[in-house]
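First the structure, in the form of structure tokens, and then the observations on it.
We use all heavy atoms of the structure for the numbers below, so side chains are in, but hydrogens, waters and symmetry mates are not. Counting starts at 1 for both ligands and their atoms, in listed order.
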Amino acid sequence: MVSERWSASAVEGLISLPLESLLTRDYEADPALVHERLRARYGPVAPVDVLGVPVWFVLGYDEVLHIMQNARDVWSKRVDHWRAYAEGRVPADWPLLALLRADNSGFHDGERHRGLRGAWIAGLRPFQEPGSEQAQRLERAMVRYCDDLVGVMAEAGPTGRADLATQYGRPFPLLVANHLLGLTIERGEDMVEDQWRLLDGPDSAGAYQRLNAALLELATAKRQRRGDDLPSYMIEAKPDLTDEELARELMMLSGFLDFTGSLICNVILEAITNPRLRESVSVGAIEEVVNRVALANPALANLTFRYARTDVKLGRFTIAAGDPVMLSIAGAHADPRFAGALARDSVRSTRAHLAWGAGPHRCPSQRLAAQMSAIAVRRLLDRFSALKPALPADQLPWRPSPFVRALRSLPVHYELSRSFAGTPRAESAVEPSPPVGGEDGGDGRPRSGLVAFLRRLRRGQ
Ligand code: HEM
């Protein structure tokens, strides 16, 4: 419900319209139904309220693509272009405000954006270049992380029940993050735990502070002593990046890894519930399955806001300068003008989808995120001879979120493959690549803190 602070000044197009709340229980249960209702009522652009704030929700494929491409520079990602915000009408405690005010590449335009984005592209390049030494080392580490996570699950016995979201799909990208960051084992444990707490609590605010401080410290350390890692490559590509700027960029990783964990869970769900997919997985076509799921159930369902710099016609409405739009990737993929043109039974799904964005803000890490998803799912299916959902699909719990379509849990009944006799190797759950500053846990002995954390996750603590 939109608050009085909006209706009191009902002079603008958006707020004078009847606004449907977007984030309802219906939306959590089945966003596709809500998208279709909005599309039928309003067309490709619908006026909605997001947690009490009026927003244009864009569901048309052409419209979403057009805004992402931003050829005429009509759309800004800077929150100060939001008229209601500039006029003080967005409550200071509105839950999404801190995110939209973030001072990082995802929320800048123009030169500043290009500079920071260039650092990301250069920083990720060694890990995404097929055949490079860093990419090969990362791939080997990813396989080990998968085995370690399966090993912790397997401690409960060769058959049993597990939660593949909490125990596998979501922690896996956090372990990969430590490798990318070139963290020492000790610091890696703390950061995995804090990245988890940041999104799921408890003590999300405390976790944010600690992560921020840790990333700042890391940025300073990497500037003094470079390694084969993302922060060092980013500094090399953009030497004028301050430690504070680098820490703010690296802070974005928590969100990106959350999307990756969500995609992994969505692919696992598809692979264990769709017998045709399970077959194709077993013949090694997993990358195709990842693409198909990114298309059918995009992990990043809706994007953070963009703001119109000028009045602009969109769908059946005129968007006034300063109005916010929220692009819905999930809505765009279901647009009959796009979905209707896809051949349902073709062996390869289209790459013309928007799950990785498009235009100047397009995801610079698509290759890595898709590779992480493919490795995680393939290794899981190798390690288990049977994985059966423990809940019917319509009872699976989804996390309420304006942006991510993510399972809260993915309970399964499992049976381990006979060939897998793995037990977790405490020393490998966080492997530095290579350790910077000579710290490897101090005494060179394997550290078991992270494995203990994973065990606590297993017990649902
Ligand atoms: C399944 C996982 C992922 C998905 C679905 C995804 C998707 C996206 C999308 C749609 C955007 C564009 C946002 C917009 O236009 O507003 C984006 C931007 C971005 N992504 Fe990803 N991403 C994923 C994983 C990652 C990972 C693992 C990293 C880093 C290691 C990453 C780094 C970035 C960065 C830095 C941007 C901002 C680019 C810019 O503003 O120029 N992403 N991502």
Side-chain angles (χ1 to χ4, degrees), residues 58 64-70 75-78 99-100 102-128 138 142 169-170 172-181 195 229-231 233-234 237 245-246 248-267 290-291 293-307 324-330 332-333 353-377 402-406:
V58 187
V64 169
L65 177 60
H66 185 74
I67 295 175
M68 282 177 170
Q69 288 173 329
N70 200 15
W75 303 98
S76 170
K77 294 199 88 184
R78 296 286 311 148
L99 173 68
L100 298 179
D103 182 4
N104 60 42
S105 55
F107 299 92
H108 280 292
D109 309 318
E111 264 316 300
R112 183 144 171 71
H113 166 247
R114 273 192 289 280
L116 294 168
R117 181 180 172 81
W120 273 105
I121 291 174
L124 288 166
R125 187 174 296 126
F127 300 105
Q128 302 199 97
L138 176 60
M142 286 197 228
R170 295 182 60 208
F172 168 70
L174 300 184
L175 302 180
V176 176
N178 282 351
H179 182 103
L180 292 175
L181 291 172
Q195 277 174 327
D229 49 55
L230 177 66
Y233 298 142
M234 289 176 82
E245 282 173 327
L246 179 56
R248 287 198 298 268
E249 292 302 311
L250 296 176
M251 194 75 192
M252 295 165 81
L253 273 176
S254 299
F256 296 134
L257 297 161
D258 193 39
F259 311 154
T260 314
S262 308
L263 176 62
I264 292 172
C265 294
N266 294 353
V267 179
V290 171
N291 191 62
V293 171
L295 171 63
N297 190 10
L300 187 53
N302 302 321
L303 298 183
T304 54
F305 300 175
R306 283 156 161 91
Y307 314 94
V325 297
M326 186 184 207
L327 305 185
S328 177
I329 294 175
H333 288 179
H353 63 70
L354 303 174
W356 307 103
H361 286 275
R362 184 187 162 83
C363 183
S365 186
Q366 169 180 348
R367 190 184 176 95
L368 177 61
Q371 187 200 20
M372 283 163 68
S373 309
I375 289 180
V377 177
F403 307 113
V404 188
R405 181 68 177 157

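Those atoms of ligand 1 that come under 4.0 Å of a heavy atom in L263, given as number and element, are 1 (C). Counting the atoms of ligand 1 from 1 in the order shown, those under 4.0 Å from a heavy atom of G357 are 10 (C). Annotation for ligand 1: atoms under 4.0 Å from non-hydrogen atoms of W120 are 35 (C). Taking a cut-off of under 4.0 Å to the non-hydrogen atoms of S105, the atoms of ligand 1 that pass are 40 (O). Per-residue contacts place A355 under 4.0 angstrom from the following atoms of ligand 1 (heavy atoms of the residue considered): 5 (C), 7 (C), 10 (C). Close approach of ligand 1 to L253 is summarised as follows: ligand atoms under 4.0 Å from at least one heavy atom of the residue are 29 (C), 30 (C). Below 4.0 Å from some heavy atom of A369 lie the following atoms of ligand 1, by number and element: 2 (C), 24 (C). Residue contact check: L300 has heavy atoms under 4.0 Å from atoms 7 (C), 8 (C), 9 (C), 10 (C) of ligand 1.
Between T260 and L368 the shortest side-chain heavy-atom distance does not fall below 4.5 Å. Side-chain contact check for Y233 versus R125: every heavy-atom pair is 4.5 Å or farther apart. With a 4.5 Å cut-off on side-chain heavy atoms, D103 and H108 count as touching. Between V176 and F172, the closest side-chain pair of non-hydrogen atoms falls below 4.5 Å.
For the atom pair L138 CG and I375 CD1, the distance stands at 7.5 Å (nearest 0.5 Å). In this structure, the separation between CG on L100 and OG1 on T304 is 6.5 Å, given to the nearest 0.5 Å.
For atom 33 (C) of ligand 1, the nearest non-hydrogen atom of the protein is F256 CZ, 3.2 Å. The nearest heavy-atom contact from the protein to atom 4 (C) of ligand 1 is W356 CZ3, 3.4 Å. Looking only at protein heavy atoms, the nearest one to atom 22 (N) of ligand 1 is C363 SG, 3.2 Å. Protein heavy atom nearest atom 15 (O) of ligand 1, with residue, atom name and distance: R306 NH2, 2.8 Å. Given atom 40 (O) of ligand 1, the protein heavy atom at minimum distance is H361 ND1, 2.6 Å.
Contact annotation for Q366 and ligand 1: no heavy atom of the residue comes within less than 4.0 Å of the ligand. Within the 4.0 Å heavy-atom criterion, the part of H113 lying near ligand 1 is the side chain and not the backbone. Residue-level proximity to ligand 1 for F259 is carried by backbone and side chain together, each with a heavy atom below 4.0 angstrom. At a 4.0 Å heavy-atom cut-off, ligand 1 touches P360 through the backbone alone. Contacts between T260 and ligand 1, counted as non-hydrogen atom pairs separated by less than 4.0 Å, involve both the backbone and the side chain.
Remark: ligand 1 and K77 share an N or O pair separated by less than 3.5 Å (distance only, no angle test). Considering backbone and side-chain atoms alike, R117 places an N or O below 3.5 Å from some N or O of ligand 1.
Of the residues I329, L263, N297, L300, the one that meets the side chain to side chain contact (heavy atoms under 4.5 Å, CB included) test with R405 is N297.
Within a 6.0 Å sphere centred on NE2 of H113, heavy atoms belonging to other residues, nucleotides or ligands number more than 12.
Among all heavy-atom pairs drawn from L354 and A358, the shortest one is CD2-CB, 4.4 Å. Of all heavy-atom pairs between F259 and A299, the closest is O-CB, 3.4 Å.
The pair D109-R306 fails the salt-bridge criterion, with no side-chain N (NZ, NE, NH1 or NH2) lying under 4.0 Å from an Asp/Glu carboxylate O.
No hydrogens or angles considered: nothing links the side chains of H179 and D229 as a donor-acceptor pair under 3.5 Å. A donor-acceptor contact under 3.5 angstrom links the side chains of N291 and H353, judged on distance only.
Using a 4.0 Å heavy-atom cutoff, G106 is listed among the residues neighbouring ligand 1.
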